[in-house]
Amino acid sequence: MLQLNFIRENREQVLQGLKVRNYDTAALSIIDEIIALDNERKKTQLGLDTIKNESNQLSKEIGVLMKQGKKEEADTQRARVNDLKEDTKNLEGQLDQAEKSLESLLLQLPNIPHISVPKGKSEADNEVFKAWSQQLPELGENALPHWELAKKYNLFDLELGVKITGSGFPLYRGKGARLQRALINFFLDEATNAGYEEIQPPHLVNEASARATGQLPDKEGQMYHATKDDLYLIPTAEVPVTNIYRDVILEERDFPIKLTAYTPCFRREAGSYGAHVRGLNRVHQFDKIEIVRIEHPEKSYEALNEMLDHVSGLLEKLELPYRILRLCGGDLGFTSALTFDFEVFSAAQKRWLEVSSVSNFETYQTNRLKLRFREGKKCFGTHFERKCFSVGKNCSLAA
RNA sequence: GGAGAAGUGGCAGAGCGGUUGAAUGCAUCGGUCUUGAAAACCGACGUACUCGAAAGGGUAUCGGGGGUUCGAAUCCCUCCUUCUCCGCCA
């Protein structure tokens, strides 16, 4: 989420950013609504603090009077404090109300796009940032899609997944399982070589963690929920990994923080069916390797470029034809300031498939996480980038 | 699952109803001293919100939430976590 003070001090910039995300004037009024509500909140806060100060003062006096044995005077003071109590309760209610409404408005506000983000409505308007210069691979007439190949070579078995669990839970076997494991190892090893610390996080998280990374409340329906213990299966390693830094204050010398993690990811994917989700294109459980960096705000875009190079290097080593897109305002994720998608060409499906995306979230994620760093005496929001690399969800088996 | 003990600032560790945002020690930062360092000494040292141009105030915070009280780190309820013992263990 954006910080209130940032919105107050950079109203124009925020409005400009929302326009890149295709907000109309009616939607833009949310900014002024927030500022007005915050003014209200401050007023209530001040009133409450004043009353509390008064009753704290009186209570102290009562203590002194009691010690001196002046019981009657103490009793009159006591009555006065009791009168103040009612006002306190009212104001507390108001303050609570205002804070809740403010928070829910702030949560509706997306991140402000980076200046380089092109305007646009949909994925069709994404900018090709780096094109594939060589010839695209072609397959012969009787080339098989990956789900046919899988059957032929016994690489994975979707029916068995259905039998054991349900649709969308692939079962890999033989060479398929081995390839999957090899890819995971490859990505992790490459990340380690590039200086990322490997993390093996829990695969279930509590509500506080899901809330801190924004899965709750908006994506509640997309997560598997173990209700008996009130835990959620992670939809991405981002959730447990970034929660390492929930409520943390870093020192400047802690930068850069570079983490990598492989986890299976669980998503209910409610409401997506059809031909485009055929095979492994969209499943409820898939494997993903994530790399995460937490950086000083001044260095975050430099770090983003490094991550871009890192991913490019991986695809080059795998000898896959790929391209990089810079997402336009309409396609940019809610929490991201700048996102590059990596797409690999599937010769069998004859289309580009997203395999990875690299984003800079600036302080949007860290604000919600309450992750800050200390510079001098002040604490600042720190920048947060991440890139994820899906295995199995992509077309590498078919390419 | 049952029985018991405990959770205080970066760490260690006092306090167990009133002037305690919290003694003391360590760590950290700034300074004096020193050729340099160490030692010694002096000073600073959480976070969030808020008032103020600033200086400087105010409010909250002693695992989380709720309650009793004029007043709670201290009393009560509840949840969480950790430790010890017993039970269970695909």
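Labels below follow one simple rule: chain letters A, B, ... track the order of the sequence lines, proteins then strands, and each chain is numbered from 1.
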**Message:** Distance check needed: B:U47 C1' versus A:L250 CG, whole Å only.
**Reply:** 15 Å
**Prompt:** Which nucleotide sits closest to the side chain of A:N56: B:C70, B:C49, B:U59?
**Reply:** B:U59
**Request:** Please determine, by modelled atom types, if A:T263 and A:K288 share a side-chain donor-acceptor pair under 3.5 angstrom.
**Result:** no
**pair A:N185-A:R181: side-chain heavy atoms closer than 4.5 Å** = yes
**Prompt:** Tell me: CD of A:E73 to C1' of B:C70, nearest whole Å?
**Reply:** 15 Å
**Prompt:** What distance, rounded to whole Å, do you find between the two P atoms, one in B:C45 and one in B:A22?
**Reply:** 11 Å
**Item:** Gap in Å between the two P atoms, one belonging to B:A3 and one to B:A27, rounded
**Value:** 45 Å
**Item:** Separation between the P atoms of B:G9 and B:G64, rounded to whole Å
**Value:** 10 Å
**Item:** Any N/O donor-acceptor pair, A:D49 side-chain to B:G58 base, under 3.5 Å
**Value:** yes
**Prompt:** Among residues 80-92 of chain A, which contact RNA chain B at a heavy-atom distance under 4.0 Å?
**Reply:** A:V81, A:N82, A:K85
**Request:** Check the distance between B:A48's P and A:Q3's CD and give it to me in whole angstrom.
**Result:** 10 Å
**Complete:** Across all chains, not counting sequence neighbours, the ring-ring contact (aromatic ring centres under 6.0 Å, His included) partners of A:Y245 are none
